[in-house]
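Encoded as structure tokens, the structure appears first; notes follow it.
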Amino acid sequence: MILVLLGPPGAGKGTQGERIAERLGIPKIATGDVLRAAVRDGTEQGLAAKAYMDRGDLVPDSVILGIMKEVLSSPAAAKGAILDGVVRTVPQAEGLTTMLAELGRKVDRFLLFDVPEDELMKRLGGRVVCDSCQTPYKGLEPGTRCEKCGGNLVRRKDDEPEAIRNRLKVYEAQTAPVIEWTKEKKMNLHKIDATGELDDVTERAMKALEEPTK
Ligand code: AMP
């Protein structure tokens with residue numbers, strides 16, 4: 001199954017994607033994680049992406065589609081994949097569907113995580129992440145050790161207030177149109193309430209995946 005997680009930054013796509021991936025036994029692939037690793041490793045791709053990421057702007061579609069091609073043709077994604085943080089523009093959505101068609105595959109479902117904007121600001125402002133395994137935490141100070149891997153918890157540059165505001169603006173301008181696109185193309189889009197307890201959100205997501213497809 002190819003599942004695309006949609007929703008604004010801070011909607012919980014990463015956390016829920018991890019949980020859904022575990023339940024379905026397929027990998028979760030986050031372009032944000034791939035890009036952050038490239039920045040850390042100082043690759044050419046990372047160097048090109050860093051300035052966009054720090055500002056909370058989107059990295060060019062061509063870079064993202066290059067990553068997607070590599071990832072989707074890898075053996076790890078043979079049984080399927082959960083795509084977190086991609087697609088974020090209509091050209092990415094079109095590029096991904098074309099690429100999948102060439103591989104004889106398709107996006108089975110889009111899951112849209114719905115969270116009100118004031119809640120997103122609160123969530124993103126209080127977030128720290130492990131600089132090693134990327135696990136997000138709320139209410140912990142930067143410098144604390146990660147409970148999972150012992151890594152260092154840091155505030156992402158793009159979780160600073162200015163960048164957060166920009167990321168939400170970018171979402172409205174460039175990513176929200178993808179939702180309309182999925183409707184026009186009669187794709188399987190399920191909107192789920194992503195507020196409240198983590199377990200409840202996971203259950204809502206799993207239930208949406210059981211709904212009939214078009
Ligand atoms: P994320 O961890 O998903 O919030 O992504 C962090 C940053 O990586 C974003 O703010 C963008 O700069 C970049 N990024 C990740 N995925 C994409 C994408 N699909 N398209 C463009 N930029 C992306």
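Ligands are counted one by one from 1 in listed order, and the atoms in each one are counted from 1 as well.
By the 4.0 Å N-to-carboxylate-O rule, E203 lies too far from K207 to be salt-bridged with it. Using a 4.0 Å cut-off between charged side-chain N and carboxylate O, D118 and K122 make no salt bridge. Salt bridge absent: K157 and E160 never bring a charged side-chain N and a carboxylate O closer than 4.0 Å.
Protein residues with a heavy atom under 4.0 Å from ligand 1 are T31, G32, L35, R36, M53, D57, L58, V59, I64, G85, V86, R88, Q92, R156, D158, R167.
Remark: R167 is not positioned above the aromatic ring of Y171, lacking an NZ or CZ atom under 6.0 angstrom from the ring centre and at most 45 degrees off the axis.
Atom CD of E44 has 12 or fewer neighbouring heavy atoms from other residues, nucleotides or ligands inside a 6.0 Å radius.
The closest side-chain donor-acceptor pair between D108 and N188, if any, does not fall under 3.5 angstrom.
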